[in-house]
Participant: 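Mind looking over this structure? Questions follow.
Values below: every heavy atom of this structure, side chains too, minus hydrogens, waters and symmetry copies. A quick note: this is a predicted structure, and the numbers were derived from the prediction, not measured. Start at 1 and go down the list; that is how both ligands and their atoms are numbered.
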Amino acid sequence: MSFDLILFGGTGDLVWRKLMPALFQAFRHGSLPEGGRIVGVARDDLSDEAYRALIKSRFDQVELAKRPTEEEFARFAALLFYLRMDLSNASDYPRLASTLQEHAADTVVMYLATAPALFTVFCEQMAAAGLKRPNMRVVLEKPLGHSLASNRAINASVRQVFDEKQIFRIDHYLGKPSVQNLFALRFGNALFEPLWRRENIANIQITIAEDIGIEKRGAFYDDTGALRDMVQNHALQLLCAVAMEPPINAHADAIRDEKLKVLRSLKPWTPETLRQHVVRGQYGAGSVDGAPVVGYRLEAGVRDASQTETFVALRCEIANWRWAGVPFYIRTGKRLAGRSAYIEVNFRPAPHAIYKSPTGAGNRLVIHLQPKDGLELHLFAQGQQNRISSPSSDTPLSPVQLDLDFDKRFGSERVGAYERLLLDVIDGRLNLFVRSDEQEEAWRWVEPIMQSWVADAEGPRPYAAGTWGPSASSAMIARDGYCWTEEC
Ligand code: BG6
């Protein structure tokens, strides 16, 4: 099956940082279909050769194991082409048309790795130029809008040109191997599903912590903040993956229908829950990995008195039979004490204690997303010291864990998130992409938080870079009698 992959924003960060390395890995693994072209599109005046040279130079910044050798790059470069084009200029579209005509590809993927403001313009121009074809797919990068209204406007304009099944909304967290494994754990094994409910689970925590700051994206980030950048999409998609009902099959709409139900079941906010169950923070100066770092407001591109949050912690509930009353905690932030993302399922303690529990807590299942990719099941066992005594209420148990490391087990067979998602788009598999109704529902749920912040003069709570965020985040979870992992 031949393909044309047209990368709009072809000289931008996303393309050389994520997409080209992912495409190269697919090429190296032999999974990129034969007979394909990858066409970078941008406004710069470049030849195909100059574009190849630019991409080659960028590979120097990719981790060593993922860098091509000279010979590999020469073969990969034969797939690369360049088109100079301004997406907002109608007179440039005939050149896109003739580029497409040069190659009778079975599938044409239009990947919009551009500012979202161009999505609508692109769709209008595609329609005006009569370029829409049934074999086309369009990939939209986040953020898709800034609010429910702007998200709807983008979705409406894209749908005027493309059918829903041609639209691939990326949330790269869904492409992470650990998220695939969460689905496999829940729906490919009979062991956990009977336990996966309010009767057995005390609470679920989702953490996406980053130690990096906002890097070179100050202006973008200052208009966006952690809620829009991470919670509305990545964190809520993880919440759906952990809380959804088993889908009737593995088809895209069966999965997306179930995720949508979770989003629809999220308890609506009230003035009281907005006050008690949402914490926003902003990092000040501190140190990360022993090196001093500046506070958020001193980062390039950030307003002096910015009120943008770089940290969010919140508590929510899913109002359905499976989850009624079980708190779900989400937290994410920049410049935290480490880079780690995981979902922690905290089971209730044994209902009748004949042993002394070392912590008073129950079993825990931790699904590690990164940097480690694996599962840990925390149990209790009798340690050596108990060898001669028979069990009694005084017998203390020791915590032990079953540890599955997927990187070790599957090693180089593992496929990275963007590699996986790009191959899925080329093959037309929508399972790991977000449908418009899911996205709108997620916006609908976060909007009251955004509105409450506009009305709140207090602003985000400060935290020192290199810590786990403002103390209010610990206080929020402690009110329920629980703690974040690193504090327990
Ligand atoms: C992106 C956000 O969607 O996800 C970034 O815009 C964030 O701010 C990134 O750093 C995190 O992705 P990952 O895969 O590194 O956890």
Participant: Determine the sole option in F81, W16, Y82 for which the ring pair (Phe, Tyr, Trp, His ring centres under 6.0 Å) test with Y51 is passed.
Facilitator: Y82
Participant: Sort out the contact shell of ligand 1: every protein residue with a heavy-atom distance below 4.0 Å, listed by chain and number.
Facilitator: K142, H172, Y173, K176, E210, R217, D229, M230, H234, K334, R339, Q370
Participant: State plainly whether the residues R435 and D257 are in salt-bridge range, i.e. N to O under 4.0 Å.
Facilitator: yes
Participant: Do V262 and V242 come close enough that some side-chain heavy atom pair is under 4.5 Å?
Facilitator: no
Participant: May I ask you to decide whether R331 forms a salt bridge with E486, counting only side-chain N to carboxylate O separations under 4.0 Å?
Facilitator: yes
Participant: Apply side chain to side chain donor-acceptor pair (under 3.5 Å) to Q205 and Y342, showing your working.
Facilitator: CA-CA 8 Å; Q205 303 181 12; Y342 52 88; over 6 Å; no
Participant: May I ask you to say whether K216 pairs ionically with D13, meaning some side-chain N is under 4.0 Å from a carboxylate O?
Facilitator: no
